[in-house]
Amino acid sequence: MAIDTLELSNLDITREDEIAVVTLNRPAKRNALDAETIEQLIAFFGAAPRSGVGAIVLRANGEHFCAGLDLVEHFNEERTAADFMHVCLRWHEAFNKMEYSGVPVIAALNGAVVGGGLELASSAHIRVADASTYFALPEGQRGLFTGGGATIRVAGLVGKARMIDMMLTGRIYRGQEAVDVGLCQYLVDDSSFDKAMELARAAVQNPPLSNFAICSAISHIQNMSALDASYAEAVVAGIVNTQQASRGRLEAFANKTAARVKPVDD
Ligand code: 1HE
């Protein structure tokens with residue numbers, strides 16, 4: 001499936017070797033997520049795992065990564081409860097495709113990562129923030145509630161107490177504090193995109209089947225009982241750890257020609 005030929009007006013797709021770069025491209029609206037953008041995310045993330053892509057970097061045009069739900073569209077549509085339930089189900093379709101796809105998704109963040117924008121970012125496997133990045137869940141202040149998976153993914157990252165505080169008080173996290181509470185794994189002074197690309201280039205060195213397991217099995221297994229989880233882990237490891245692609249790497253270790261696992265300055 002060719003992702004380069006998808007016609008996606010609100011997303012810009014480029015390729016650098018095995019890495020696809022997806023750029024949210026509605027900067028005039030601070031990349032707010034309208035219904036059309038969600039459909040385009042579903043189209044892209046639905047096709048990407050079968051397109052030969054080894055990793056995906058998700059970034060945004062403009063000064064803000066994503067302002068969350070398109071509040072103006074939501075206001076104008078005067079949606080019923082059933083309408084909005086279906087909106088949320090489409091968000092879940094998009095974000096589940098990201099998290100469970102088996103293809104590493106690395107989010108390069110800047111500016112506002114708020115509301116549904118944080119739900120989008122939290123569906124990536126790695127988040128990189130820059131000095132301008134800030135995180136918030138302003139749903140409470142807007143008279144809304146999260147509907148794009150924050151109760152699962154943001155609570156999973158920061159814990160329910162911090163999520164409840166963010167929603168009740170509008171608390172904003174940024175900088176080192178955002179790293180410390182788990183909202184992002186990297187904080188850079190310069191370009192979050194450059195760092196995300198560096199991480200993507202490292203990830204694509206792994207065999208695709210290993211990355212598939214890392215970027216789908218861990219998420220699935222988190223949803224299971226300990227008994228089922230340990231069984232599923234054994235099944236996945238049975239497949240991945242006997243793959244042909246690991247033979248040369250194991251042989252290099254046995255021959256003492258493979259790199260050892262040590263900090264670089266040692
Ligand atoms: C928008 C949106 C939006 C901007 N929906 N149009 N999210 C929020 O509560 C965050 C709302 N946005 C903001 O607080 C600010 O826009 C920002 C901090 C992100 C950026 O501020 P700034 O000063 O750069 O931009 P601006 O002047 O506020 O907005 C520029 C334009 O973007 C303007 O449109 P214009 O046509 O008048 O130029 C804004 O209307 C538009 N814009 N944000 C629609 N969110 C599944 S449930 C999820 C629930 C949620 O996500 S709730 C959180 C919603």
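For the side-chain contact (heavy atoms from CB on, under 4.5 Å) with N25, the qualifying choice from I13, L8, N61 is N61, the only one to do so. Of the candidates N31, T23, D12, N110, T23 is the only one forming a side-chain hydrogen bond (donor to acceptor under 3.5 Å, both in side chains) with R59.
A side-chain donor-acceptor contact under 3.5 Å links T242 to the backbone of G238. At least one donor-acceptor pair closer than 3.5 Å links the side chain of Q40 to the backbone N or O of N10. A donor-acceptor pair under 3.5 Å links the side-chain atoms of Q185 to the main chain of R127, judged by distance alone.
Electrostatic pairing of E93 and K97 counts as a salt bridge here, judged by a charged N lying under 4.0 Å from a carboxylate O. By the 4.0 Å N-to-carboxylate-O rule, E36 lies too far from R26 to be salt-bridged with it. Between E119 and R153 there is no salt bridge, since none of the side-chain N atoms of the basic residue sits less than 4.0 Å from a carboxylate O of the acidic one. Salt bridge E16/R201: present, at least one basic N to carboxylate O contact under 4.0 Å.
Counted within 6.0 Å of CZ on R247, heavy atoms from surrounding residues, nucleotides or ligands total 12 or fewer; the atom is thus considered open. Annotation for E7: atom CD does not count as buried by contact number, only 12 or fewer foreign heavy atoms lying within 6.0 Å. Atom CD of E233 has 12 or fewer heavy atoms from other residues, nucleotides or ligands within 6.0 Å. The local environment of CG in N223 is crowded, with over 12 non-hydrogen atoms from other residues, nucleotides or ligands closer than 6.0 Å. Enclosure of atom CG in N255 by more than 12 non-hydrogen atoms of other residues, nucleotides or ligands within 6.0 angstrom is indicated.
Defined by atom type and a distance below 3.5 Å, a donor-acceptor pair is present between the side-chain atoms of D130 and S132. Between D165 and T169, the side chains place a donor N or O and an acceptor N or O closer than 3.5 Å (distance only, hydrogens not considered). Residues E99 and S216 have side chains that never bring a donor and an acceptor to within less than 3.5 angstrom of each other.
Between L120 and W91 there is no side-chain heavy-atom pair separated by less than 4.5 Å. Proximity of L199 to V128: side-chain heavy atoms (C-beta onward) are separated by under 4.5 Å at one or more points. L118 has its side chain within reach of V154: a pair of non-hydrogen atoms, C-beta onward, lies under 4.5 Å apart. The side-chain heavy atoms of I3 and R15, taken from C-beta on, include a pair separated by under 4.5 Å.
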